[in-house]
Every structure is written in C-alpha cells, then in structure tokens.
Amino acid sequence: MKYLIVGLGNIGPEYELTRHNIGFLVLDRMADQEGTKFEMNKLAYTTELKHKGRTLHLIKPTTYMNLSGKAVNHYLQHHKIAKENLLVITDDIALPYGKIRLKPKGSAGGHNGLKNIEQLCGGANYPRLRFGVGDHFHKGQQVDYVLSPFSKEEMDELVLNMDRAIDAIKSFCTIGMERTMNHFN
C-alpha cells in the first residue's frame, strides 16, 4: 500500500521557520526520526519510508505554496497513488496554535496552496491534516502573520505538536481516516 504525504511550505531560508511552512517542518522531523534524508527531484524534495508494511512517499513541493498542485499531481501520477491515499499537511489560522484536525475532504478556506491542489488534482476530495497556527493578527495582516516566524512560546511547544501530527500521519496510513479522526480530532 502506497501513500503520498505532502507537506506544504515555501522554499528558501527566509521561510524556513514560519507558520506557513509547518508542512515542511513536520515532514523534516518525520524524516529525521526515520533516519532518511530529502533529495531534490522534479518539482519537490522527496524521500520515502516504510511504516508497518506501507510505503510513504514524502514530498515538499519546490513550486512555492501557490503552485503546490503541480508537484502533488505529478507524484500522484508518478507513484500511481489513489487520491484517498494522499495526505496534505498545511497550516490553518482557523485552529488554535498546535491543534490538529484531520479531514477526508474540505474547502481550501482561502489557502492558495490548497486551492491549487484542488484545481490540478480534480477537486477538494482529498485528505488533509490541518495544523493550527492561531489567528493573532490584525485585519489585513494575515499574509504577514503566516509568513512570520513562530514566537518563543510557540517554539517551546513546536516539537511536541509536530510529533502529534506525525503520529496522526502514521495512524492515517495504518488504521485509516475514520479511526484516526476519532483519536486525534
């Protein structure tokens, strides 16, 4: 059984520890825990790991957030992975910091990376793991907020929150969406 696990983010050191890059950060931590390294490939940094008989293809698109669908579509086709075995990890300002929410489908909610995936992969019917980054910004400051680094307090909790997201990813790949949602949401 094969899975495509996509961490959304933007490439470049200026984005590395920003809220918008939580998808990259979660996959970096997961790869570190599994002793694997990402390599530059077509449209994405990629790595592969095995978990309980499953093959997890991890990708971090290099297309920048707003064009993430190009990489997602390419690797779904390349690895012949069904859309229900796709999991996209993204930041979510509608959730309190550190809260995760797994959903089998949903709207882009104004998230340009998710919008592009919908456009290029045939709709919003794909699993996603939303990672709460909070909404501590003034009206009109959303872009600045998600592209800003985590606060000291948030950084202190980040590793634990990322580990919970990794546990949810592994659960999704082994026991499925419904049971994982019941446990983590």
Side-chain angles (χ1 to χ4, degrees), residues 1-11 15 19-28 30-31 38-95 99-133 142-143 146 165-166 168-185:
M1 184 92 70
K2 295 189 288 189
Y3 292 84
L4 183 64
I5 311 300
V6 180
L8 295 187
N10 285 310
I11 57 172
Y15 299 111
R19 292 172 176 86
H20 219 27
N21 267 36
I22 194 61
F24 278 18
L25 294 170
V26 168
L27 291 192
D28 284 340
M30 188 174 188
F38 280 94
E39 296 176 0
M40 181 60 191
N41 281 299
K42 184 175 182 176
L43 302 172
Y45 290 102
T46 66
T47 193
E48 176 184 312
L49 57 94
K50 303 282 187 196
H51 178 71
K52 295 189 177 180
R54 275 87 169 159
T55 301
L56 282 60
H57 296 277
L58 278 53
I59 71 165
K60 300 185 308 181
T62 55
T63 54
Y64 287 98
M65 183 71 77
N66 296 354
L67 299 174
S68 298
K70 280 179 76 170
V72 173
N73 190 45
H74 171 78
Y75 284 98
L76 281 172
Q77 305 304 316
H78 177 76
H79 293 299
K80 296 176 177 57
I81 296 173
K83 228 169 36 168
E84 60 267 15
N85 287 358
L86 163 67
L87 183 63
V88 177
I89 301 124
T90 184
D91 60 304
D92 191 334
I93 58 170
L95 291 174
K99 179 97 171 141
I100 61 172
R101 176 84 23 88
L102 200 69
K103 297 185 117 184
K105 61 185 177 184
S107 76
H111 194 291
N112 291 330
L114 296 178
K115 281 182 193 173
N116 189 250
I117 292 169
E118 286 177 18
Q119 291 169 347
L120 298 180
C121 297
N125 196 18
Y126 63 88
R128 72 259 340 256
L129 176 65
R130 295 179 181 260
F131 190 106
V133 295
Q142 177 177 334
V143 171
V146 297
I166 291 166
I169 293 165
K170 290 178 177 177
S171 176
F172 166 77
C173 295
T174 53
I175 66 171
M177 176 61 77
E178 291 302 317
R179 288 174 62 196
T180 301
M181 285 172 51
N182 289 339
H183 187 267
F184 287 92
N185 284 359

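Model, not experiment: these values are computed from the prediction. In this chain, residues are counted from 1 in sequence order.
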Chemist: Could you check whether any side-chain heavy atom of Leu120 comes within less than 4.5 Å of a side-chain heavy atom of Lys70, counting everything from C-beta outward?
Modeler: yes

Chemist: Would you indicate whether His183, at its atom NE2, is surrounded by more than 12 heavy atoms from other residues, nucleotides or ligands within a distance under 6.0 Å?
Modeler: no

Chemist: With rounding to the nearest 0.5 angstrom, report the CG to NE2 distance, Asn41 to His74.
Modeler: 8.0 Å

Chemist: Are the side chain of Arg54 and the backbone of Cys173 linked by a donor-acceptor contact shorter than 3.5 Å?
Modeler: yes

Chemist: Could you tell me how the ring of Tyr75 sits relative to the ring of His78: parallel (under 30°), tilted (30 to 60°) or perpendicular (over 60°)?
Modeler: perpendicular

Chemist: Donor-acceptor pair, Asn125 side chain versus Lys105 backbone, under 3.5 Å?
Modeler: no

Chemist: Do Ile100 and Leu129 have side-chain heavy atoms sitting under 4.5 Å apart?
Modeler: yes

Chemist: Roughly how far apart are Lys2 NZ and Leu56 CG, rounded to 0.5 Å?
Modeler: 12.5 Å

Chemist: Answer whether the closest heavy-atom distance between the side chains of Lys60 and Phe38 falls below 4.5 Å.
Modeler: yes

Chemist: So how far is it from Leu43 CG to Thr62 OG1, rounded to the nearest 0.5 Å?
Modeler: 6.0 Å

Chemist: Quick one: are Phe184 and Leu102 in side-chain contact, heavy atoms under 4.5 Å?
Modeler: no

Chemist: Within this structure, what is the CZ-CZ distance for the pair Arg101 and Arg128, rounded to the nearest 0.5 Å?
Modeler: 13.5 Å

Chemist: Does the side chain of Thr174 reach to within under 4.5 Å of the side chain of Tyr3, using non-hydrogen atoms?
Modeler: no

Chemist: What closest approach, in Å, do Gly7 and Pro61 show between heavy atoms, and which atom pair accounts for it?
Modeler: O-CD, 3.3 Å

Chemist: Between Lys83 (side chain only) and Cys121 (backbone N and O only), is there a donor and an acceptor less than 3.5 Å apart?
Modeler: yes

Chemist: Shortest non-hydrogen contact from Ile169 to Met30?
Modeler: CG2-CE, 3.8 Å

Chemist: Ignoring hydrogens and angles, state whether a donor on the side chain of Thr90 or His111 is under 3.5 Å from an acceptor on the partner side chain.
Modeler: yes

Chemist: Is there side-chain contact between Val26 and Ile166, with at least one heavy-atom pair below 4.5 Å?
Modeler: yes

Chemist: If I take atom CD from residue Glu118 and atom NZ from residue Lys115, how far apart are they, to the nearest 0.5 angstrom?
Modeler: 9.0 Å

Chemist: Is there a donor-acceptor contact under 3.5 Å from the side chain of Ser68 to the main chain of Gly113?
Modeler: no

Chemist: So, do Phe131 and Leu95 sit near enough that their side-chain heavy atoms are less than 4.5 Å apart?
Modeler: no

Chemist: If you take all heavy atoms of Lys103 and Met177, which pair is closest and at what distance?
Modeler: O-CE, 3.5 Å

Chemist: Give a yes or no on whether the backbone of Lys50 and the side-chain of Thr55 come within a donor-acceptor separation of less than 3.5 Å.
Modeler: no

Chemist: Search all heavy atoms of Arg19 against all heavy atoms of Asp91 and return the closest pair with its distance.
Modeler: O-CB, 3.4 Å

Chemist: Hey, does Leu114 have a side-chain heavy atom less than 4.5 Å from the side chain of Leu8?
Modeler: yes

Chemist: Within a radius of less than 6.0 Å around NZ of Lys170, do more than 12 heavy atoms belonging to other residues, nucleotides or ligands occur?
Modeler: yes

Chemist: Do you know the tightest heavy-atom contact between Leu27 and Val6?
Modeler: CD1-C, 3.9 Å

Chemist: Spell out, as yes or no, whether a donor-acceptor pair under 3.5 Å connects the side chain of Asn21 to the backbone of Tyr15.
Modeler: yes

Chemist: For residues Ile175 and Thr180, report the shortest heavy-atom separation together with the two atoms involved.
Modeler: CG1-OG1, 3.6 Å

Chemist: Checking side chain to side chain contact (heavy atoms under 4.5 Å, CB included) for the pair Asn10/Phe24: CA distance, chi angles, key distance, verdict?
Modeler: CA-CA 8 Å; Asn10 285 310; Phe24 278 18; 5.8 Å; no

Chemist: So, taking the atom named NE2 in His20 and the one named CD in Gln142, what distance separates them when rounded to the nearest 0.5 Å?
Modeler: 8.5 Å

